A.B. asks: 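After the structure tokens below, expect a handful of questions from me.
Being a predicted model, the structure only gives us computed values, none of them experimental. Hydrogens, waters and symmetry mates are skipped; everything else that's a heavy atom, side chains included, is used. Chain naming here is simple, since letters A, B, ... match the order of the sequence lines and numbering starts at 1 in each.
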Protein chains: 2
Amino acid sequence: MTATEETVVLSEPSAAEARDRLASVIERGGLFTLFGECTVEYDGRAASSLGPGRRHVMCKPDGTVLVHTDEGQKPINWQPPGSRQAVRIEAGSLVLDSRRENPDEELVIRFERIAHLAIFETDGGGGASLSVTGTEEDLKRRILEEPELIEAGFRPLATERSTPAGAVDIYGEDEEGRVVVLELKRRRVGPDAVGQLSRYVEALERDLHAGCEIRGILVAPSVTDRAHRLLTRKGLEFVALSP
Amino acid sequence: MTATEETVVLSEPSAAEARDRLASVIERGGLFTLFGECTVEYDGRAASSLGPGRRHVMCKPDGTVLVHTDEGQKPINWQPPGSRQAVRIEAGSLVLDSRRENPDEELVIRFERIAHLAIFETDGGGGASLSVTGTEEDLKRRILEEPELIEAGFRPLATERSTPAGAVDIYGEDEEGRVVVLELKRRRVGPDAVGQLSRYVEALERDLHAGCEIRGILVAPSVTDRAHRLLTRKGLEFVALSP
DNA sequence: ACTTGAATATCGGTA
DNA sequence: TACCGATGTTCAAGT
């Protein structure tokens, strides 16, 4: 065992030793990782079974469990925040059992061999928070500050205006006084975004009155071919703009 | 330092020692983790900056980089598979630099202090592969085996039938010989799924002939209120069915 | 390489 | 809490 003031590491711990350590860490709400040969069973929204292999398991104080193999960005199995972990020994093997409710889900990890167990002291969220730029929110701000990026005479009147089909990103008027609905996307869009804009336009045409013509404009860096054809077919427009 | 046949652990390594170890692991394509006080900068599809705090960093042989805090299922920063890592020392601190192209993205992690460095021997994907049940694919299979789950007389004719708006999950005929389009969802659906089904129905009405009436049925465990109203408004139908 | 849609998507805002 | 849409979504399949 190697320990510093903060980190505790057990190499090849016995199942009993791992269980005792982990029971204590789980109790006090710590962050720990395991690495070793294990099987994983999941049952909940879906169900899956994973045969023996070497995996890296991380459990966070907030209840998150992540099982990673040597490939891929996504964990091969996981449990979301709010889950509750328990450890026990079955047939001489360490078993990590994670459950949550609503929906009911269970993840069971059975370790045939534990190569490594590490317990970390975190800063309890004391770390600085993340700020991201280049989002749809940035695109919206840009348009509100400079509406002529859409077209000359465009005047935004509201953001997140609610319709029976959901909230419109930007709602406004054009130079002629016609209602304009903007749907913003931070990246190249496909048919789904056209469908979304179309829903809003149809909902507003129904909600406002009959004679009222409503323009729908998709604002994004670019569109796919199919999305472009859908736009044309539905009488919607496109403005190229990036966040 | 603690080492077993497989796992190498360094506690509180110096920046130089960490750099040397990691350069070697990256070279041969190993899996390693770091834990310590660091800052993270990302620039690519978007951009972000993360001030000092204790984080857990994992680098996989496939080029994946994951930065986790003590909260949340998603890494706070990451780099996808295929990225290339390099280590260096700047102002006495270890810097892990990850880049990829197409799109150009860079992630830079600066360690003020390294509490823990672990190098793991993986089984190179030798582990058993995962199979998930309860997916949309399972729902499709169920309907093809037992079409009367949709309604008496329903006959599936094709899956993934292509239309100008995309591929239809299941395409078939009802007892009266009318064309039926099914859109399957493995879980409760909102307005987006209705829009998707609607696109397919409209595209087929245009693609086939004028007089031809086409039925669209959304198949899912349940629908939200708003989605239900949209279905009604568009003359589409709903069948409750779970994977 | 690009497009398209699924996913145990996850996450945050809002009603 | 449920709903709704954004996400540096990621991922796999088809073209």
Side-chain angles (χ1 to χ4, degrees), chain A residues 42-48 64-67 71-83 100 102-107 130 132-140 160 162-163 165-169 183-193 195-196 199-200 222-228 243, chain B residues 42-48 64 66 71-81 83 100 102-107 130 132-140 160 162-163 165-169 183-193 195-196 199-200 222-227 243:
Chain A
Y42 158 73
D43 192 27
R45 285 166 289 178
S48 73
T64 301
V65 181
L66 304 170
V67 183
E71 285 185 341
Q73 182 169 342
K74 271 184 58 178
I76 192 163
N77 277 115
W78 69 92
Q79 198 74 311
S83 309
R100 73 151 172 163
N102 207 335
D104 261 317
E105 293 195 292
E106 186 178 23
L107 185 72
L130 183 77
V132 184
T133 60
T135 63
E136 183 181 303
E137 192 60 29
D138 292 300
L139 180 55
K140 184 194 291 181
E160 304 304 325
S162 126
T163 78
V168 166
D169 286 337
E183 174 60 33
L184 315 183
K185 294 293 171 190
R186 65 173 301 281
R187 60 174 204 173
R188 183 172 173 86
V189 294
D192 53 340
Q196 199 180 338
R199 285 208 322 271
Y200 298 151
S222 59
V223 287
T224 65
D225 267 6
R226 182 125 70 187
H228 184 74
Chain B
Y42 157 74
D43 193 27
R45 286 167 289 177
S48 73
T64 301
L66 304 170
E71 284 186 340
Q73 182 169 339
K74 271 184 58 179
I76 192 162
N77 277 116
W78 68 92
Q79 200 73 313
S83 309
R100 73 149 172 167
N102 209 335
D104 260 316
E105 295 194 292
E106 184 178 24
L107 185 72
L130 184 76
V132 184
T133 60
T135 64
E136 183 181 303
E137 191 60 30
D138 292 298
L139 180 55
K140 184 195 290 181
E160 305 304 325
S162 128
T163 77
V168 165
D169 286 336
E183 174 60 31
L184 315 184
K185 294 294 172 189
R186 64 173 300 282
R187 63 173 199 170
R188 183 172 174 85
V189 292
D192 53 339
Q196 199 179 337
R199 286 209 321 271
Y200 299 150
S222 57
V223 286
T224 66
D225 267 6
R226 192 178 278 171

A.B. asks: Does any non-hydrogen side-chain atom of A/T224 lie less than 4.5 Å from one of A/R188?
C.D. replies: yes

A.B. asks: Atom CD of B/E136 and atom P of C/dT4: how far apart are they, to the nearest Å?
C.D. replies: 17 Å

A.B. asks: Check the distance between C/dT10's P and A/L130's CG and give it to me in whole angstrom.
C.D. replies: 19 Å

A.B. asks: Please round to the nearest 0.5 Å and tell me the distance separating atom CD of A/E137 and atom NZ of A/K140.
C.D. replies: 4.5 Å

A.B. asks: Rounded to the nearest 0.5 Å, how far apart are CD of A/E71 and CD1 of A/I76?
C.D. replies: 9.5 Å

A.B. asks: Under 4.0 Å, heavy atoms only, any strand: does B/T135 hit a base, just the sugar-phosphate, or nothing?
C.D. replies: sugar-phosphate

A.B. asks: Tell me, for nucleotides 9-15 of chain D in 5' to 3' order, what letter each nucleotide earns: B for a base near a protein heavy atom under 4.0 Å, S for only sugar-phosphate near one, - for neither?
C.D. replies: BSS----

A.B. asks: Could you tell me whether the side chain of A/D169 reaches within less than 4.5 Å of the side chain of A/E160, counting heavy atoms only?
C.D. replies: yes

A.B. asks: What is the distance, rounded to the nearest whole Å, between atom CD1 of B/I76 and atom P of D/dG8?
C.D. replies: 12 Å

A.B. asks: Can you tell me how far apart OH (A/Y42) and CD (A/E106) are? Round to the nearest 0.5 Å.
C.D. replies: 11.0 Å

A.B. asks: Determine the contact category for A/Q196: base if any of its heavy atoms lies under 4.0 Å from a base atom, sugar-phosphate if only primed atoms, P, OP1 or OP2 are that close, otherwise nothing.
C.D. replies: sugar-phosphate

A.B. asks: Closer than 3.5 angstrom, by distance alone: can the side chain of A/E105 be matched with the main-chain N or O of A/R45 as a donor-acceptor pair?
C.D. replies: yes

A.B. asks: To the closest 0.5 Å, what do you measure between CZ (A/R226) and OG1 (B/T163)?
C.D. replies: 6.5 Å

A.B. asks: Report yes if the side chains of B/L66 and A/Q73 come closer than 4.5 Å at any heavy-atom pair, otherwise no.
C.D. replies: yes

A.B. asks: Rounded to the nearest angstrom, tell me the gap between atom CG in B/D43 and atom P in D/dG8.
C.D. replies: 13 Å

A.B. asks: Using the C1' atom on both, measure D/dT7 against C/dA7 and round to a whole Å.
C.D. replies: 14 Å

A.B. asks: Roughly, in whole Å, what's the span from CD in B/E71 to C1' in C/dC11?
C.D. replies: 13 Å

A.B. asks: Within the 4.0 Å heavy-atom criterion, would you say B/E183 contacts the bases, only the backbone, or no part of the nucleic acid?
C.D. replies: sugar-phosphate

A.B. asks: To the closest 0.5 Å, what do you measure between CG (A/D138) and CG (A/L184)?
C.D. replies: 11.5 Å

A.B. asks: Just the rounded figure in Å: distance from C1' of C/dA7 to CG of B/L139.
C.D. replies: 14 Å

A.B. asks: Whole angstrom is fine here: how far is it from CG in A/L66 over to P in C/dT10?
C.D. replies: 11 Å

A.B. asks: At 4.0 Å (heavy atoms only), tell me whether A/D192 reaches a base, stays on the sugar-phosphate, or touches nothing.
C.D. replies: nothing

A.B. asks: With rounding to whole Å, what would you report as the distance between C/dT4 and C/dT8 at their P atoms?
C.D. replies: 23 Å

A.B. asks: For the P atoms, the ones on D/dC11 and on C/dC11, what distance do you get once it is rounded to whole angstrom?
C.D. replies: 15 Å

A.B. asks: For the pair made of CD in A/Q79 and P in C/dT8, what is the distance, rounded to whole Å?
C.D. replies: 13 Å

A.B. asks: Between the protein and nucleotides 2-4 of chain D, list the N/O to N/O atom pairs that are separated by less than 3.5 angstrom.
C.D. replies:
residue : atom : partner : partner atom : Å
D/dC3   : OP1  : B/R188  : NE           : 3.0
D/dC3   : OP1  : B/R188  : NH2          : 2.2
D/dC3   : OP2  : B/R188  : NE           : 2.9
D/dC4   : OP2  : B/T224  : OG1          : 2.7

A.B. asks: Determine the contact category for A/E106: base if any of its heavy atoms lies under 4.0 Å from a base atom, sugar-phosphate if only primed atoms, P, OP1 or OP2 are that close, otherwise nothing.
C.D. replies: nothing

A.B. asks: Side chains of A/D192 and B/D192: does their closest heavy-atom pair fall under 4.5 Å?
C.D. replies: no

